[in-house]
Amino acid sequence: MGSYPFTQQKRLLKAQEYRQVFDQASYKISDRHMLILATANQFGQSRLGVIIAKKNIRLAVNRNRIKRLLRESFRHQTQFPISVDLVVMARSGINDLSNTELRQLLECQWQRLIKRLLKISYQT
RNA sequence: GGAGUCUACCAGGCAGUCGCUGCUUCAGUAUGAUUCGAAGUAGAGGAAAGUCCGGGCUCCACAGGGCAAGGUGCCAGGUAACGCCUGGGAGGUGCAAGCCUACGGCUAGUGCAGCAGAGAGAAGACCGCCUAAAUAUAACUCGUGAGUUAUGUCGGUAAGGGUGAAAGGGUGCGGUAAGAGCGCACCGCGCGCGUGGUAACAUGUUGUGGCAUGGUAAACCCCACUGGAGCAAGACCAAAUAGGAACCCGUUGGCGUUGCCCGCGUUGGGUUCGGGUAGGUUGCUGGAGGCUUGUGGUGACGCAGGUCCAAGAUGAAUGGCUGCCCAAGACAGAACCCGGCUUAUCGGUGGGCUCCCAUG
């Protein structure tokens, strides 16, 4: 049975690491709830960073909820063909989604990303 | 039983499974640090919120005094302290239990007050009231300036009407031309004194004043009290980089000093010190701590004993999924820590008190 741990190595921790993703973002997936930036890394495992602006989601309780759901969904996601650094930026509409809706939406976004990644890796 | 009021408390639960953070123990590589693995254990709130006050803690400033700005403001007590709490007083409100109060000083000064109204602060004559004094006209009487009556002017007047939120104490009697604290009695008010109370204040007065003292100080102002900034405080370690210091090596190197030599200036390499950016460590949770027993106090709270240890993250943990149950889950997430205040909030539980109805 898979345990899917989520340790410090699987997160973006420093401002510099976030900046790298912003500067070299080779893949972008966007809709009205969120924006996902991604870039390939050399660590052998994918890493996640989350940005939720106070302006978009006012209450700390809701910011925590979205952050946790994002992490949980990312933790169960093991199908990336190459290791990538991700930054997920929340937009204000995301707070209207229920837990179930958000989970389904994220599942869908991961599939879109995987397709893009596969396409690139075939070309190279 | 119904209605109300005050106060204390709870904040969905259980099971399975996959994770996250701290701590403890065990095991492995290779001593240790560290990392990984396993097990155990702990892991948001009554408001964690707003950041509105007060402290602890840290740094800065500090001989003493003054000025400015802001805040607080009945009295006493509690407290580390407060703008908080408790008790008391005063005023308002409710049948009551209760609740509310920005509650120092406009008999220090300055200012302000729409509309209405004659007049809004050493006030005022619109209607009304008066003809005593002054004066004008007319009539009459006595007889040449006096009297009486009538009408008016000036004048007197704050009783009555009218305006207004408010008209410069109220009622009665005297008084007067009419009136008026003008005088008196009672009531009210101020001052003084007595009594009770630590005091705010209450109460009495067979003392006194003759009404002088309208409102507004979240208007200026007067009186009393009041250092500043914050954990991104502060402390430590420390790649990089700028410009430095000391020592050593070389001085047989380069450049300049007219060509050469000496000398001088400048330049080099290494080590250490210092510096402090990125980053890291610490501050960081055992405390004005919780629970409980006794005791002092009307109470807030104090004192003494016993017992317990209850989050500590740092891109930031405390969650996801599945199933079951019910009264169907609100507001909402620690970020140095406490004491308050304010605001948000689905429901529910216990206790005290008041009023109404019924029964005994």
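In what follows, chains carry the letters A, B, and so on, assigned in the order in which the sequence lines appear, proteins first and then strands, with residues in each chain numbered from 1.
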One pair to check against side chain to side chain contact (heavy atoms under 4.5 Å, CB included): A/Leu48 and A/Val88. What are the steps and the verdict? CA-CA 8 Å; A/Leu48 175 72; A/Val88 179; 3.9 Å; yes

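- Base orientation of B/G46: syn, the glycosidic angle falling within 90° of 0.
- Checking B/G121 for Watson-Crick or G-U wobble geometry (two distances, each under 3.5 Å) identifies no partner in any strand.
- Whole-Å rounding puts the A/Glu72 CD to B/U17 C1' distance at 12 Å.
- B/A334 and B/A48: their P atoms are spaced 11 Å apart (whole Å).
- To the nearest angstrom, P of B/A44 lies 18 Å from NZ of A/Lys67.
- The CD atom of A/Glu107 sits 10.0 Å away from atom NE2 of A/His76, with the distance rounded to the nearest 0.5 Å.
- Rounded to the nearest 0.5 angstrom, A/Ile36 CD1 and A/Leu106 CG are separated by 7.0 Å.
- Taking CE from A/Met34 and CD1 from A/Ile29, the interatomic distance works out to 10.5 Å, rounded to the nearest 0.5 Å.
- The gap from the C1' atom of B/G169 to that of B/G190 amounts to 12 Å, rounded to the nearest Å.
- Separating the C1' atom of B/C85 from that of B/C53 is a span of 14 Å, rounded to the nearest Å.
- In this structure, a donor-acceptor pair under 3.5 Å is present between the side chains of A/Asn99 and A/Arg65.
- Rounded to whole Å, the separation between the C1' atoms of B/A81 and B/G339 comes to 9 Å.
- Nucleotide B/G181 has no partner under the Watson-Crick or G-U criteria, as no pair reaches both atom distances under 3.5 Å.
- Taking the C1' atoms as reference points, B/A313 lies 7 Å from B/U21, given to the whole Å.
- A 3.5 Å limit on both hydrogen-bonding distances identifies no Watson-Crick or G-U partner for B/A278.
- Checking A/Leu69 against A/Ile52, the closest nucleotide of RNA chain B that is more toward the 5' end is the one next to A/Ile52.
- Between A/Glu72 atom CD and A/Leu102 atom CG the span is 12.0 Å, to the nearest 0.5 Å.
- Anti is the conformation of B/A180, whose glycosidic angle sits further than 90° from 0.
- Partner assigned to B/G37 is B/C26, using Watson-Crick or G-U wobble distances below 3.5 angstrom.
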Could you pull out all donor-acceptor pairs under 3.5 Å where a side-chain atom in residues 108-115 of chain A meets a protein atom, sequence neighbours excluded?
residue  : atom : partner  : partner atom : Å
A/Gln109 : OE1  : A/Arg112 : NH1          : 3.0
A/Gln109 : NE2  : A/Asp31  : OD2          : 3.1
A/Trp110 : NE1  : A/Ser73  : OG           : 2.9

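- For B/A178, the glycosidic angle deviates from 0 by more than 90°, giving an anti base.
- Counting heavy atoms from C-beta outward, A/His33 and A/Leu97 have side chains that approach closer than 4.5 Å.
- Syn is the conformation of B/G181, whose glycosidic angle sits no further than 90° from 0.
- Base orientation of B/A80: anti, the glycosidic angle falling outside 90° of 0.
- Look at B/U17: its Watson-Crick or wobble partner, with both distances under 3.5 angstrom, is B/G320.
- Here the P atom of nucleotide B/G320 and the CG atom of A/Leu48 are 17 Å apart, to the nearest Å.
- Put simply, NE2 on A/His76 is 7 Å from C1' on B/G320, counting in whole angstrom units.
- Pair check for B/G268 finds B/C249; Watson-Crick or G-U wobble, both atom distances under 3.5 Å.
- In this entry B/U343 has no Watson-Crick or G-U wobble partner, no candidate having both defining distances under 3.5 Å.
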Restricting to nitrogen or oxygen on both sides, can you table the protein-nucleotides 331-335 of chain B pairs closer than 3.5 Å?
residue : atom : partner : partner atom : Å
B/G333  : OP2  : A/Ala60 : N            : 3.4
B/G333  : OP2  : A/Val61 : N            : 3.4
B/G333  : N7   : A/Asn64 : ND2          : 3.2
B/G333  : O6   : A/Arg68 : NH1          : 3.2

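- For the contact set between residues 97-111 of chain A and RNA chain B, defined by any heavy atom under 4.0 Å, the members are A/Asn99, A/Arg103.
- Within the nucleic acid shown, A/Arg63 has no heavy atom closer than 4.0 Å to any nucleic acid atom.
- The separation of B/A278 from B/C237, taken at their C1' atoms, amounts to 14 Å, rounded to a whole angstrom.
- Comparing the C1' positions of B/U198 and B/C74 gives an interatomic distance of 16 Å, to the nearest angstrom.
- Summarising the base pairing, B/G360 is matched to no nucleotide, lacking a Watson-Crick or G-U wobble pair whose two defining distances lie under 3.5 Å.
- Between the side chain of A/Arg63 and the main chain of A/Ile57, a donor-acceptor pair closer than 3.5 Å is present.
- As a whole-Å value, the separation of A/Asp85 CG from B/G315 C1' is 14 Å.
- A/Leu70 contributes atom CG, which lies 6.0 Å from atom CD1 of A/Ile52 (distance to the nearest 0.5 angstrom).
- Put simply, CG on A/Leu86 and CZ on A/Arg47 are 10.5 Å apart, with the number rounded to the nearest 0.5 Å.
- Nucleotides B/G210 and B/G188 are separated by 13 Å at their C1' atoms, to the nearest Å.
- Between the CD1 atom of A/Ile66 and the P atom of B/G319 there is a distance of 16 Å, rounded to whole Å.
- Under a 3.5 Å cut-off, the side chain of A/Asn56 and the backbone N or O of A/Ala90 do form a donor-acceptor pair.
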